[in-house]
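FYI, side chains are in, hydrogens and waters are out, and symmetry mates aren't considered; it's all heavy atoms of this structure. Along the sequence shown, the residues carry numbers beginning at 1.
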Amino acid sequence: MLGSVLGLICAQRAREATATAQRAWWLMLAAWAIGGTAIWSMHFMAMLGFSVTGAPIRYDIGLTAASALIAIVMVGIGLFIAGLGRPLLIKVIIGGVIAGAGVAAMHYTGMAAMRVNAEIHYDSTRVGLSIAIAVVASAVALWLALNVKGALAVVGSALIMGVAVNGMHFTGMYSMSATLHEEHGALSGATASNLLVPIVLAVILVVIGLVYAVLAAPNADDRAGMAYLQNRMADRDDNPPAAPAPAPDPHGLAARFQSRR
């Protein structure tokens, strides 16, 4: 939910941006927030809760990193398709399909990164259902990113996105079953405890960076106030105030004082 909130705020800033480069920058931050924090970090933390009774689990570091990269890049592509140019429903659908396929690829790449002395099987119906959830959830997330405004709407939308991401993950995990091997060989890879600390630290740093970017950048109200002040200053420069008229001197005191000098 935290990643979804930050992603929706970044997407809102992208809508408010006037320059294409600024809009692209905010969409990139939204991809990091949604793809990296909201989706991948939730996925991996939940993966650490998975266990096979009687068999230790290790994780391939390369595939684990690849799953994170897939989530960020594919969500970013979906955001750029839906968020640049005119907002159209067909663009949201196309972006949702691409982002959803990327989320599903991230999930099953992360599951393929597990090393366990067991034969892994997948139920094709449940796998298909998890992919469908990912595509629909991604399309809804893109629509929300392009239309949501206001604090309460952002929080409510983040709750919907959080439920959808968790639903996709655990549907995919539900499709998986493991049959232990009779012989247990040595496993390569990192343990969950080896990966937990660096991943948590990375997520914290990303969240801090996103929060700083959101708080430091001016929003639409700030820009409107700055534009108003600039217009007022420009009017003052173009129309300087006239010199004050001399005060009336009905008795000629100023003239008499001047003649005495």
Indicate the atoms forming the closest heavy-atom contact of [X] with [Y], along with that distance.
X: A178; Y: I120; answer: CB-CD1, 3.8 Å
X: A105; Y: I70; answer: CB-CG2, 4.1 Å
X: K91; Y: I81; answer: CE-O, 2.8 Å
X: L195; Y: Y59; answer: CD1-CB, 3.7 Å
X: L210; Y: L29; answer: CD2-O, 3.7 Å

**Prompt:** Step by step, would you call M168 with H43 a side chain to side chain contact (heavy atoms under 4.5 Å, CB included)?
**Reply:** CA-CA 10 Å; M168 182 274 157; H43 156 79; over 6 Å; no
Going hydrophobic residue to hydrophobic residue with side-chain gaps under 4.5 angstrom, can you get from [X] over to [Y]?
X: I77; Y: V165; value: yes
X: F44; Y: I204; value: yes
X: L2; Y: Y212; value: no
X: M161; Y: V155; value: no
X: V200; Y: V206; value: yes

**Prompt:** Does L152 CG have over 12 foreign heavy atoms under 6.0 Å away?
**Reply:** no
**Item:** Y174 OH: over 12 foreign heavy atoms closer than 6.0 Å
**Value:** no
Short question: side chain of [X], backbone of [Y] - any donor-acceptor pair under 3.5 Å?
X: S138; Y: G100; result: yes
X: R13; Y: V214; result: yes
X: R15; Y: V148; result: yes

**Message:** Taking side-chain contact (heavy atoms from CB on, under 4.5 Å) as the criterion, tell me which of V75, I72, I199 meets it with W40.
**Reply:** I199
Note, [X] side chain near [Y] side chain (heavy atom, < 4.5 Å):
X: R115; Y: I57; result: no
X: M28; Y: L79; result: no
X: L146; Y: V92; result: yes

**Request:** Output the distance between atom CD1 (I160) and atom CE (M1), rounded to the nearest 0.5 Å.
**Result:** 10.0 Å
**Asked** About how many Å separate CD1 of I39 and CD1 of I34, when rounded to the nearest 0.5 Å?
**Response** 7.0 Å
**Message:** Show, in sequence, the C-alpha distance, side-chain angles and deciding distance for M173 and M111, and conclude whether the side chain to side chain contact (heavy atoms under 4.5 Å, CB included) test is met.
**Reply:** CA-CA 9 Å; M173 296 302 294; M111 293 174 72; 3.7 Å; yes
**Request:** Could you walk me through whether W32 and C10 pass the side chain to side chain contact (heavy atoms under 4.5 Å, CB included) test, one step at a time?
**Result:** CA-CA 10 Å; W32 272 96; C10 290; over 6 Å; no
